[in-house]
Amino acid sequence: MSEEKKSLNFIEQIIEEDLANGMSKNDLRFRFPPEPNGYLHIGHTKAIGISFGLGEKYNAPVNLRFDDTNPAKEEQEYVDAIKRDIAWLGYKWDKELYSSDYFQQLYDWAIQFIKEGKAYVDSQSSEAMAEQKGTPTQAGVDSPFRNRSVEENLDLFNRMKNGEFDEGAHILRAKIDMKHPNMLMRDPIMYRILKKHHHRTGDTWCIYPMYDWTHGESDYVESISHSLCSLEFKPHRELYDWFLDQVVVEGTIRPKQREFARLNLSYTIMSKRKLLQLVEDHIVTGWDDPRMPTISGLRRRGYTPSAIKKFVETVGVAKRDNVIDVSLLEFCIREDLNKIAPRVMAVLDPVKLVITNYPEGKEEWLEAENNQEDDNAGFRKIPFSKELYIERDDFKEEANSKYFRLSLGKEVRLKNAYIIKGESVLKDARGNISEIHCTYDADSLSGTGTDASLRKVKGTLHWVSIKHAIKAEVREYDRLFMDEAPDSYQDKNFMEFINPNSLKIIDAFLEPSLLEAKVGDRFQFQRLGYFSIDEDSTSKHLVFNKIVGLRDTWAKQEAVQETNKPSEKVSQSQQNQPQRNAIDVIQQLGKKYTNLPEAKQLKAKADIQELAENVSYEELSPLFATASKKVGTRIAAMITLGVLLNKGLSKNAEINDFIQKALQDSDSLLISEAEAVS
RNA sequence: UGGCUUAUGGUGUAACUGGCAACACGUCUGGUUUUGGUCCAGAAGAGUCUAGGUUCGAGCCCUAGUAAGCCAACCA
């Protein structure tokens with residue numbers, strides 16, 4: 001129980017402060033307010049995690065409120081999908097609510113606004129109004145309708161509500177300030193005429209409230225204490241507060257809007273509009289395509305709720321723009337699946353392996369551990385026979401000592417089975433390997449405890465018995481975009497970065513135990529990665545999605561070797577070796593110099609003096625400009641200068657300046673070094 | 001000639017509210033291993049955007065710059 005160490009994010013700090021200032025814990029209440037105009041994606045998961053997470057932390061209710069003020073875009077399908085996704089993540093909302101529940105209350109308040117002279121009906125075209133609104137750097141001007149009488153406004157608004165006007169003929173605006181530096185405060189629109197069927201209120205209304213007018217008041221009606229949203233709503237806060245000022249009654253909970261930076265993921269896009277385009281252009285098969293960053297896509301891909309929650313937790317909450325590396329998401333899912341996914345064997349790119357000294361027709365059912373990370377996972381039987389498939393990548397006719405897999409004359413272990421030795425290969429007319437022949441050591445069977453079974457060999461391969469193997473379709477996914485930030489360019493469309501090879505369909509061979517697997521089951525295909533059964537599967541035709549590969553340091557090594565071979569890209573690998581310029585090392589020593597105890601300081605000084613022998617004046621002189629507060633670096637530079645002067649360097653104006661400034665410093669170490677050279 | 005916000009290793013987030021920068025991912029070593037996975041041990045990488053200032057002491061406070069993001073939909 002050592003939770004006190006965990007630091008609070010800035011939102012938690014605000015809440016703690018409110019609590020300290022007398023707010024009752026019972027008054028804490030949050031909400032998640034999606035617009036039902038698209039599917040939830042991984043970015044929303046952050047917002048969900050923040051508000052629902054706070055609810056869990058403080059044991060406070062969290063409402064799910066659909067922000068459904070625009071019937072032109074919103075649909076029941078999205079409501080259902082959103083509820084499904086949040087429930088799947090494992091969060092429980094207190095009440096399921098809709099902004100449309102408050103249409104009447106909002107309308108009543110609007111009437112009150114008109115009566116108090118705080119709102120008016122404008123009857124211009126949207127173009128005219130946009131022009132009057134000005135620009136961020138230029139004040140707006142008042143509408144000619146701004147000073148209509150209360151009676152006229154009331155009459156017009158009433159007739160708007162009754163459907164007497166066409167869309168666009170009139171709107172209701174709050175009367176605030178057309179010269180306000182915040183554009184949102186320049187008489188924002190509260191209502192527009194929309195003769196559309198609403199998924200909940202049907203045809204009851206033909207005027208619909210705008211977001212700004214609706215959101216804060218809905219929070220208020222629900223007694224939301226903290227209304228958390230992403231950063232782009234920061235400018236809206238002023239208006240949110242202005243609207244609240246007009247209606248909040250003393251002694252009630254006044255909601256507080258606070259903003260955090262939204263989540264961005266490298267190599268993906270987060271805009272609902274753009275995601276919709278991928279669906280409509282059939283780049284993907286739907287919102288739940290396993291390549292999509294939607295929650296439903298991740299679910300179908302095989303991600304677990306706990307991995308996603310862990311991810312969101314790890315990412316943190318702050319106010320600066322960020323791009324999270326996908327490797328973190330992958331880490332979270334691997335970490336989770338490593339503990340829970342049963343291991344099985346599957347061969348995705350088969351080559352036939354024949355064990356020449358294994359009896360014809362013999363078969364054995366060998367014992368295999370389901371998950372060595374889980375003591376309760378148990379064991380299963382897998383069939384072994386003379387003819388197997390192994391991975392094409394797992395064999396090379398000749399290989400160096402770095403290659404741990406099968407090659408001619410070398411031994412490897414077949415996982416859960418025997419040790420084999422490569423003997424010969426058969427090739428087809430084009431020279432491709434069609435069969436590998438090997439011999440096995442009959443005494444080496446896994447788990448028998450014989451000396452032979454205990455022998456250590458370099459590599460272990462996964463395999464599957466040809467006769468017993470079941471065929472399955474495996475869908476392997478790659479990132480949808482080839483650019484790290486596909487929608488960050490003004491001059492390029494994100495569609496230009498679509499990865500044409502984001503889906504690869506593979507005919508794979510699996511061990512027969514998989515015949516019993518059900519849709520949604522997740523497995524580790526040993527040495528390959530994590531896979532889950534897709535809902536397209538039938539009893540005759542299994543379909544797997546690759547969730548994520550295993551961490552693969554071998555593939556990485558190979559890639560490095562490749563790039564290093566043609567040209568001498570040695571510099572890259574040297575970068576990590578302590579092969580640095582003397583001056584850089586000196587600078588480094590300097591950084592820590594003032595923090596060192598005296599004995600180490602002396603050693604550092606000696607090191608610097610030694611290194612200084614290999615430093616030219618041209619390398620040193622830039623350090624003269626070091627900021628005055630970086631005392632350590634200046635000391636190191638001074639010591640180095642001493643060495644150069646000793647070697648016959650003559651002083652110039654630059655050097656004298658540097659020394660003079662050091663002599664006037666407050667740091668005694670620096671002064672004494674400066675005195676030593678002056 | 002606007003307003004608001006942000007700035008800490010490659011990435012993300014910390015730093016007990018002023019006491020010489022920590023955690024996670026990633027990278028690299030080494031060990032264990034019947035998964036080149038996991039696990040274990042370790043390393044490299046940041047004087048905290050710049051320049052001043054206050055202070056015994058600044059990533060935290062002040063001033064001035066710089067850079068990035070957001071704001072002109074009858075969208076949310």
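Just so it is clear, the model here is predicted, and its values are computed rather than measured. Numbered from 1 within each chain, the chains take letters A, B, ... in sequence-line order.
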Exercise for the section: Hunt down any stem RNA chain B takes part in, defined as 3 or more consecutive Watson-Crick or G-U pairs whose two distances are each under 3.5 Å. Expected result: B:2-7 with B:66-71, B:10-13 with B:22-25, B:27-31 with B:39-43, B:49-53 with B:61-65
Exercise for the section: Compare side-chain N and O positions of A/Lys133 against OP1 and OP2 of B/rA72 and report whether any pair is under 4.0 Å apart. Expected result: no
Handout entry: Distance-only donor-acceptor check, side chains A/Asp336 and A/Ser306, under 3.5 Å
Key = yes
Fill in the blank from the handout: Of A/Tyr211, A/Tyr240, A/Phe260, the one forming a ring-ring contact (aromatic ring centres under 6.0 Å, His included) with A/Phe233 is A/Tyr211
Exercise for the section: Ignoring backbone atoms, establish whether A/Arg192 has a side-chain N or O less than 4.0 Å from OP1 or OP2 of B/rC75. Expected result: yes
Exercise for the section: Between B/rA72 and B/rU66, how far apart are the P atoms? Round to whole Å, please. Expected result: 25 Å
Handout entry: Phosphate contact (B/rC75 OP1 or OP2) by A/Lys272 side-chain N/O below 4.0 Å
Key = no
Exercise for the section: For B/rG36, take OP1 and OP2 only and decide whether either is under 4.0 Å from a side-chain N or O of A/Arg405. Expected result: no
Handout entry: A/Arg479 versus A/Thr268, side-chain donor and acceptor atoms under 3.5 Å
Key = no
Handout entry: Sidechain N-carboxylate O distance under 4.0 Å for A/Glu411, A/Arg455
Key = yes
Problem - C1' gap between B/rU48 and B/rC70, integer Å - result: 25 Å
Exercise for the section: Among B/rU35, B/rA76, B/rA72, find the nucleotide with the atom closest to the side chain of A/Asp67. Expected result: B/rA76
Exercise for the section: Verify the contact: side-chain N or O of A/Arg334 to OP1 or OP2 of B/rU38, cut-off strictly under 4.0 Å; return yes or no. Expected result: no
Handout entry: Closest to side chain of A/Lys630, choosing from B/rU48, B/rA76, B/rG26
Key = B/rU48
Exercise for the section: Would you confirm whether A/Glu35, through its side chain, and A/Asp67, through its main-chain N or O, come within 3.5 Å as a donor-acceptor pair? Expected result: no
Handout entry: No-H, no-angle donor-acceptor pair, A/Glu335 side chain to B/rG37 base, under 3.5 Å
Key = no
Exercise for the section: Look at A/Thr314 and B/rG12 and indicate whether a side-chain polar atom (N or O) is within less than 4.0 Å of OP1 or OP2. Expected result: no
Problem - A/Trp554-B/rG36 aromatic stacking (under 5.5 Å, under 30°) - result: yes
Completion exercise
Given protein heavy atoms under 4.0 Å, the one-letter contact record of nucleotides 53-64 of chain B, with B base, S sugar-phosphate only and - none, is simply ------------
Practice task
Record whether the side chain of A/Arg320 comes under 3.5 Å of the base of B/rU8 through a donor-acceptor pair of N or O atoms.
Solution key: yes
